[in-house]
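One structure is given here, and the rest of the page talks about it.
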Amino acid sequence: MTSRPFAQVDVFVSGPLTGNPVAVVLDAAGLSDEQMASLARWTNLSETTFVLPPDDPQADYRLRIFTPGGELPFAGHPTLGSAHAWLAAGGRPHARDLVQECGIGLVTIRRDGDRLAFAAPPLRRSGPVDPDVLRKVGAALGLQPGDVVAASWCDNGPGWMGLMLSSAQRVLEVRPDMAALGHHEVGLIGAYRGEDRPADYEVRAFAPGDGVPEDPVTGSLNAGFAVWLRGAGELPASYVVAQGTAIGRAGRVFVDDDGETIWVGGLSRTVIAGTIDL
């Protein structure tokens with residue numbers, strides 16, 4: 001076994017222990033695929049990441065991302081949490097912005113004060129959801145036909161199916177049948193209305209097939225929603241998402257479209273720092 005630098009970072013926080021944790025192995029050189037997968041199963045977090053030297057000279061580091069069920073080509077909160085941990089450990093980017101190499105290619109990460117934000121990647125799959133699939137997923141979520149305002153694939157690494165519901169309250173009321181949901185990775189978004197609101201939108205994410213029944217706060221899904229619904233003119237250029245409310249978290253995701261790039265960001269805090277023997 002080798003002792004390796006390690007951190008556990010809370011991502012998209014609004015206060016202590018309010019976001020989504022990610023475990024980060026900061027020097028994963030020499031680890032096998034099975035060792036990485038085993039650690040991800042052991043931590044039992046939605047994602048565990050492994051920082052490696054880059055293959056692409058444009059990148060500052062390479063990142064591999066594992067859920068308890070397997071490897072992902074990209075995920076949002078692991079991207080920001082790993083960048084936070086890498087910087088805290090003394091990492092020095094080539095330029096002002098960080099560049100991460102991962103399964104979908106190069107991802108730019110912008111530093112804006114205490115916040116980090118990643119550039120939303122293009123969708124690998126988009127467009128309408130088959131009506132039969134939508135009916136099955138709707139039934140698994142306990143939705144009525146009038147609850148769903150719009151539906152589309154939002155696959156940017158994780159294979160998200162996005163559903164826009166009639167309101168944030170309807171999003172919070174959903175009680176999914178995880179067994180019936182099966183392998184589907186489904187995200188919900190609904191708008192808050194009125195003056196006394198915690199954010200502009202509420203989001204929830206379900207991926208039971210990946211060993212993550214409900215993900216507390218999800219960068220990739222929020223990026224997918226932004227690419228889909230900004231393109232459809234359904235979302236403003238800048239807005240704030242609350243996520244995790246239904247499971248006792250208070251995550252906050254900040255989305256900003258600067259006219260060229262959609263940035264998805266938030267605050268991260270290191271909760272555990274030390275070493276891990278692998």
Side-chain angles (χ1 to χ4, degrees), residues 20 46-47 65 67 69-79 102-107 118-168 170-171 174 176-191 200-237 239 241 243 253 255 257 261-264:
N20 197 356
S46 55
E47 281 96 4
I65 305 167
T67 72
E71 187 171 5
L72 294 175
F74 170 74
H77 100 272
T79 290
C102 57
I104 61 165
L106 300 181
V107 177
F118 65 85
L123 300 181
R124 305 194 308 174
R125 182 185 185 187
S126 59
V129 179
D130 180 90
D132 288 338
V133 173
L134 188 56
R135 277 192 292 272
K136 290 177 182 177
V137 168
L141 296 172
L143 297 173
Q144 300 300 315
D147 292 331
V148 181
V149 176
S152 179
W153 292 106
C154 301
D155 182 340
N156 54 13
W160 294 114
M161 177 195 306
L163 307 181
M164 186 176 213
L165 302 192
S166 53
S167 68
R170 190 66 191 95
V171 170
V174 166
D177 180 337
M178 295 298 179
L181 204 55
H183 67 280
H184 294 293
E185 298 170 317
V186 182
L188 310 177
I189 187 170
D200 300 305
Y201 298 89
E202 184 74 35
V203 163
R204 294 179 73 183
F206 308 107
D210 294 326
V212 187
E214 179 160 3
D215 198 33
V217 202
T218 319
S220 62
L221 175 60
N222 278 289
F225 273 137
V227 172
W228 165 37
L229 293 168
R230 278 292 297 150
E234 296 288 343
L235 297 180
Y239 58 92
V241 165
Q243 192 176 348
V253 181
V255 181
D257 183 349
T261 303
I262 296 175
W263 298 96
V264 179

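Quick caveat: nothing in here was measured; it's all calculated off a predicted structure.
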field: Listed once per pair and sorted, the salt bridge (Lys or Arg N to Asp or Glu O under 4.0 Å) pairs that draw on residues 209-224, sequence neighbours left out
entry: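 Every pair satisfying salt bridge (Lys or Arg N to Asp or Glu O under 4.0 Å) with a residue in residues 209-224: R204-E214.
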message: Strictly by salt bridge (Lys or Arg N to Asp or Glu O under 4.0 Å), give each pair with a member in residues 156-166 just once, sequence neighbours left out.
response: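 Output for this query is empty, none listed.
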- prompt: Under the side-chain contact (heavy atoms from CB on, under 4.5 Å) test, which residues partner P73, sequence neighbours left out?
  reply: I104, R124
With rounding to the nearest 0.5 Å, note down the distance linking [atom1] in [X] to [atom2] in [Y].
{"X": "S220", "Y": "L72", "atom1": "OG", "atom2": "CG", "result": "7.5 Å"}
{"X": "E47", "Y": "E71", "atom1": "CD", "atom2": "CD", "result": "11.5 Å"}
{"X": "S167", "Y": "Y201", "atom1": "OG", "atom2": "OH", "result": "12.5 Å"}

- request: Please identify each residue that fulfils salt bridge (Lys or Arg N to Asp or Glu O under 4.0 Å) with D132, with sequence neighbours left out.
  value: R135
Mind listing the closest non-hydrogen atom pair of [X] and [Y] along with its distance?
{"X": "V186", "Y": "L163", "value": "CG1-CD1, 4.1 Å"}
{"X": "A120", "Y": "A223", "value": "CB-CB, 3.9 Å"}
{"X": "A205", "Y": "L221", "value": "CB-CD2, 3.6 Å"}
{"X": "G224", "Y": "L123", "value": "CA-CD2, 4.0 Å"}
{"X": "Y239", "Y": "N222", "value": "OH-O, 4.4 Å"}
{"X": "L134", "Y": "A151", "value": "CD1-CB, 3.9 Å"}

task: Take I189 and L165 through the side chain to side chain contact (heavy atoms under 4.5 Å, CB included) test and state the conclusion after the steps.
output: CA-CA 6 Å; I189 187 170; L165 302 192; over 6 Å; no
task: Could you name each residue pair satisfying side-chain hydrogen bond (donor to acceptor under 3.5 Å, both in side chains) that touches residues 138-153, not counting sequence neighbours?
output: D147-R170
query: Can you list every side-chain hydrogen bond (donor to acceptor under 3.5 Å, both in side chains) pair that touches residues 176-191, not counting sequence neighbours?
result: none
field: Test log, rule side chain to side chain contact (heavy atoms under 4.5 Å, CB included), inputs D155 and W160
entry: CA-CA 5 Å; D155 182 340; W160 294 114; 5.9 Å; no
- prompt: Side chains of N20 and Q243: donor-acceptor distance under 3.5 Å anywhere?
  reply: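 There is no such pair between these side chains.
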- prompt: Does the pair L143 and V148 meet the rule for a side chain to side chain contact (heavy atoms under 4.5 Å, CB included), with working shown?
  reply: CA-CA 8 Å; L143 297 173; V148 181; 4.0 Å; yes
Return a table of donor-acceptor pairs under 3.5 angstrom between the side chains of residues 227-235 and protein atoms on other chains or two or more places apart.
from : atom 1 : to   : atom 2 : distance (Å)
R230 : NE     : D257 : OD2    : 3.1
R230 : NH1    : L235 : O      : 2.7
R230 : NH2    : D257 : OD2    : 3.2

- request: Report the residues that fulfil ring pair (Phe, Tyr, Trp, His ring centres under 6.0 Å) with F118, sequence neighbours left out, ordered by chain and then residue number.
  value: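 Residues passing ring pair (Phe, Tyr, Trp, His ring centres under 6.0 Å) with F118: F74.
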- prompt: Does any non-hydrogen side-chain atom of F206 lie less than 4.5 Å from one of L141?
  reply: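 L141 reaches F206 side chain to side chain.
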query: Can you check side chain to side chain contact (heavy atoms under 4.5 Å, CB included) on V203 and V171, steps first, answer last?
result: CA-CA 7 Å; V203 163; V171 170; over 6 Å; no
